Amino acid sequence: MSALRTLRLAVLVPLARLRFLFVLGAIGLVLVKWDEIVARYERYTGHADSGVSDPDHEFFCPMHPTVVRDTNKEKCPICFMPLSKRRKGEPTDQPLPPGTVSRVQLTPYRVVLAGVRTVPVGYHTLTKDLTTVGTVEFDERKLRTVAARVKGRVEKLFVNQPGQMVHANDPLAELYSPDLVVTVENLLTARKTPNAALEALARDRLRLWGIDDPQVDEIAKSGKPITRLTIRSPIDGHVLRKSVREGQYVEEGGPLFDVADLGTVWVQAQLYEDDLPFLPAGGHDPATGKPGFELPVTAVARAFPNRAFAGTLGFLFPHVDADTRTLTVRFDVPNPNHELRPGMTATVTLKLTPELIARTPAGRGLLTKEGNVLAVPEPAVIDTGALKVVYRESLPNTFEGVAVTLGAKMRTADGATYFPVLSGLAEGDQVVTAGSFLLDAETRLNPALGSVYIGGSSAKATAVRPTTPDDLAATVAAAMAKLPPADRKLAEAQRLCPILGEPLGSMGVPHKADLGESRFVFVCCKTCIPKAKNDPETVLRKVEGFRKKAAAPGGKP
């Protein structure tokens with residue numbers, strides 16, 4: 001008996017072990033051949049929507065048309081709705097609105113990951129500072145050349161060095177002139193004769209030589225001829241140049257001194273063409289040469305870094321320098337203490353208030369409200385070279401790249417930079433400031449995936465639900481708000497799509513389907529419209545049931 005038991009154990013134990021190994025081998029074979037088994041099964045038992053690859057058709061997400069798969073075995077990795085079937089090459093996605101160059105739809109997790117932040121477009125108080133470097137120059141309107149009005153010899157110089165300060169009517173030099181002696185004798189002879197015509201002629205000649213009427217009267221009363229003419233300074237200022245020496249003979253009209261008044265100086269600077277719209281348009285006042293209105297300016301010289309000299313814009317040159325592409329502008333700066341010296345360099349800042357901007361070419365066409373300007377923050381603007389693009393949040397987590405027309409960059413009181421909006425945006429639009437460059441780069445580098453979902457998966461990847469859930473109520477409310485008031489009321493009463501059963505607005509703005517005989521229903525996406533028209537009676541019954549259930553006390557569809 002014990003021998004039989006021993007024999008039985010010797011046979012059964014190896015058989016049990018072999019059976020276990022056989023089961024493990026069968027499981028491994030099934031795992032290795034799983035794809036082939038599934039394919040054979042679908043080949044013989046599949047139907048129209050079994051997911052078998054069809055060379056003439058493809059499957060796509062109605063909400064995210066760029067999500068395309070070969071089979072319908074997967075769901076959309078963005079919204080997790082079933083994929084719809086379409087013939088390859090058939091256009092189903094809606095064209096972008098006018099002015100929209102791209103559209104980006106992100107999961108909430110990706111919005112957080114990309115650091116996307118939005119701010120509303122609004123009206124702001126904007127100013128503009130034009131800063132450039134200029135040089136201090138003489139005010140040429142206050143330069144005087146003192147010339148000899150009669151030929152003669154310089155007998156004495158009262159001012160014998162350049163740079164000396166003089167005042168109006170101060171003597172500069174004394175000139176001996178034989179012609180002066182002859183003319184004075186003619187005056188005295190005419191008074192003795194008397195000869196009124198000869199006296200008037202002599203007086204006129206003396207007046208032209210710079211001898212005023214009181215001096216002529218004094219000569220006539222004394223009856224003594226003078227032999228020397230005193231040359232006097234016509235203005236207060238500095239002697240820039242002394243052109244004669246004592247004993248030198250000068251001809252009539254020969255220069256003696258150059259005198260400059262430094263009470264006011266010019267600061268000449270160059271502005272680039274981009275800054276020209278902020279300067280006054282049109283010509284200058286023919287009397288003063290100044291622009292049509294005053295623009296204040298401050299000049300800070302290197303010699304006085306902690307002091308700002310105030311002035312005004314005095315002149316705009318009528319042409320742009322072809323080599324530097326700059327326009328020369330001139331500022332009038334008071335200099336009562338003669339601290340600004342010609343030849344100095346200065347940093348010039350032209351300050352434009354909102355009132356002044358409104359009077360310049362840059363201020364024309366701006367959208368204003370109570371003196372404020374509709375503007376968008378500088379970080380929100382992406383300059384592609386051909387276009388300026390701003391990403392606007394049209395629906396929650398859906399961003400549209402809008403081509404905008406903007407004015408020149410300006411600042412607010414706190415130093416933030418803004419661009420005035422000329423077209424493309426409206427007050428209240430939520431625009432992306434932080435993260436906008438990531439959105440733009442993704443749509444450019446990978447338009448097929450980036451326009452749907454940053455870091456989109458391949459056709460074989462498994463969809464992973466984001467860690468941050470969608471705010472469905474906010475998405476639905478934002479989409480419903482884009483419908484006309486009458487349609488919005490009907491869509492809110494219907495609540496659900498009769499084809500897919502999804503909440504209206506969860507896939508974007510609901511679409512209105514005409515079922516004939518003035519009967520309309522709303523569906524969640526464009527691809528549901530043909531399906532609704534194929535069986536209008538069933539769709540209408542579903543919609544009526546949705547509305548009754550929603551209208552019931554405390555009822556929800």
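Here the structure is a predicted model, which is why all the values come from computation and not from measurement.
Looking at every heavy atom in both residues, V297 comes nearest to T312 through CG1-N, 3.5 Å. Between T298 and A308 the shortest heavy-atom distance is CB-CB, 4.3 Å. Minimum heavy-atom separation, A260 to L240: CB-CD1, 3.5 Å. Across all their heavy atoms, F158 and A173 have their closest contact at CD1-N, 3.6 Å. Closest approach of R411 to G415, counting heavy atoms only: NH1-O, 2.8 Å. Here the closest heavy-atom approach between residue K351 and residue L356 is recorded as O-CD1, 4.0 Å.
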Are Q270 and D321 close enough, and set up right, to give a side chain to side chain contact (heavy atoms under 4.5 Å, CB included), and what steps lead you there?
CA-CA 9 Å; Q270 285 71 41; D321 187 280; over 6 Å; no
Using the rule given for side-chain hydrogen bond (donor to acceptor under 3.5 Å, both in side chains), can you reason through E378 versus T417, listing the C-alpha separation, both sets of side-chain angles and the distance that settles it, and then say yes or no?
CA-CA 6 Å; E378 182 185 14; T417 54; 2.4 Å; yes
Given side chain to side chain contact (heavy atoms under 4.5 Å, CB included), test D170 with Q164 step by step and report yes or no.
CA-CA 12 Å; D170 281 357; Q164 185 173 338; over 6 Å; no
If you apply the rule side chain to side chain contact (heavy atoms under 4.5 Å, CB included), what do you find for T131 with T347, and how did you get there?
CA-CA 7 Å; T131 302; T347 300; 3.9 Å; yes
Intermediate values then yes/no, side chain to side chain contact (heavy atoms under 4.5 Å, CB included), L172 and L256
CA-CA 9 Å; L172 301 178; L256 304 178; over 6 Å; no
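The ring pair (Phe, Tyr, Trp, His ring centres under 6.0 Å) check on Y418 picks up H124, with sequence neighbours excluded. With sequence neighbours excluded, the residues that form a side chain to side chain contact (heavy atoms under 4.5 Å, CB included) with A269 are T132, V329, F331. A search for side chain to side chain contact (heavy atoms under 4.5 Å, CB included) contacts involving E137 returns T135, W266, Q268, not counting sequence neighbours. Evaluation of the side chain to side chain contact (heavy atoms under 4.5 Å, CB included) rule for D414 yields T412, A416 as partners, not counting sequence neighbours. With sequence neighbours excluded, the residues satisfying side chain to side chain contact (heavy atoms under 4.5 Å, CB included) with D429 are V121, R392, L425, A426.
Within the 4.5 Å cutoff, no side-chain heavy atoms of V373 are placed close to those of P354. In this structure the side chain of L352 reaches within 4.5 angstrom of the side chain of L350, judged on heavy atoms. The shortest side-chain heavy-atom distance between E427 and L374 falls under the 4.5 Å cut-off. Inter-residue side-chain proximity for V432 and T118 is flagged as met; some heavy-atom pair is nearer than 4.5 Å. A heavy-atom distance below 4.5 Å is found between the side chains of V146 and V259. Taking the side chain as every heavy atom from C-beta outward, D332 and R141 approach each other to under 4.5 Å. In this structure, L295 and F278 have side chains that are not in contact, with every pair of non-hydrogen atoms separated by 4.5 Å or more. Counting only heavy atoms from C-beta outward, the side chains of M480 and P510 approach each other to under 4.5 Å.
Annotation: K151, atom NZ; neighbour count of heavy atoms from other residues, nucleotides and ligands within 6.0 Å does not exceed 12. The neighbour count for F304 CZ, taken as heavy atoms of other residues, nucleotides or ligands under 6.0 Å away, is above 12.
Note that CG of L279 and CG of L271 are 5.5 Å apart. Values are rounded to the nearest 0.5 Å. Taking CG of N169 as the reference point, atom CG of D236 lies at 9.0 Å (rounded to 0.5 Å). Interatomic distance, CD1 of I235 versus CG of D261, reported as 5.0 Å (0.5 Å rounding). Taken from CZ in F309 to CD in E339, the straight-line distance is 4.5 Å, to the nearest 0.5 Å. A distance of 12.0 Å separates CG of L126 from OG1 of T353, quoted to the nearest 0.5 Å. In this structure, T326 OG1 and D274 CG are separated by 12.0 Å, a value rounded to the nearest 0.5 Å.
E246 places a side-chain N or O within 3.5 Å of a backbone atom of L157 that can act as its donor or acceptor partner. Without hydrogens or angle criteria, N335 side chain to L340 main chain gives a donor-acceptor distance under 3.5 Å. A distance-only check finds no donor-acceptor pair linking the side chain of K409 to the backbone of K128 [under 3.5 Å]. In this structure, the side chain of K242 engages the main chain of V244 through a donor-acceptor pair within 3.5 Å. Side chain of D487 to main chain of P484: no donor-acceptor pair is present (N/O by atom type, distance under 3.5 Å, no hydrogens or angles).
Sorted by first and then second residue, the ring-ring contact (aromatic ring centres under 6.0 Å, His included) pairs involving residues 335-360 (not counting sequence neighbours) are H238-H338.
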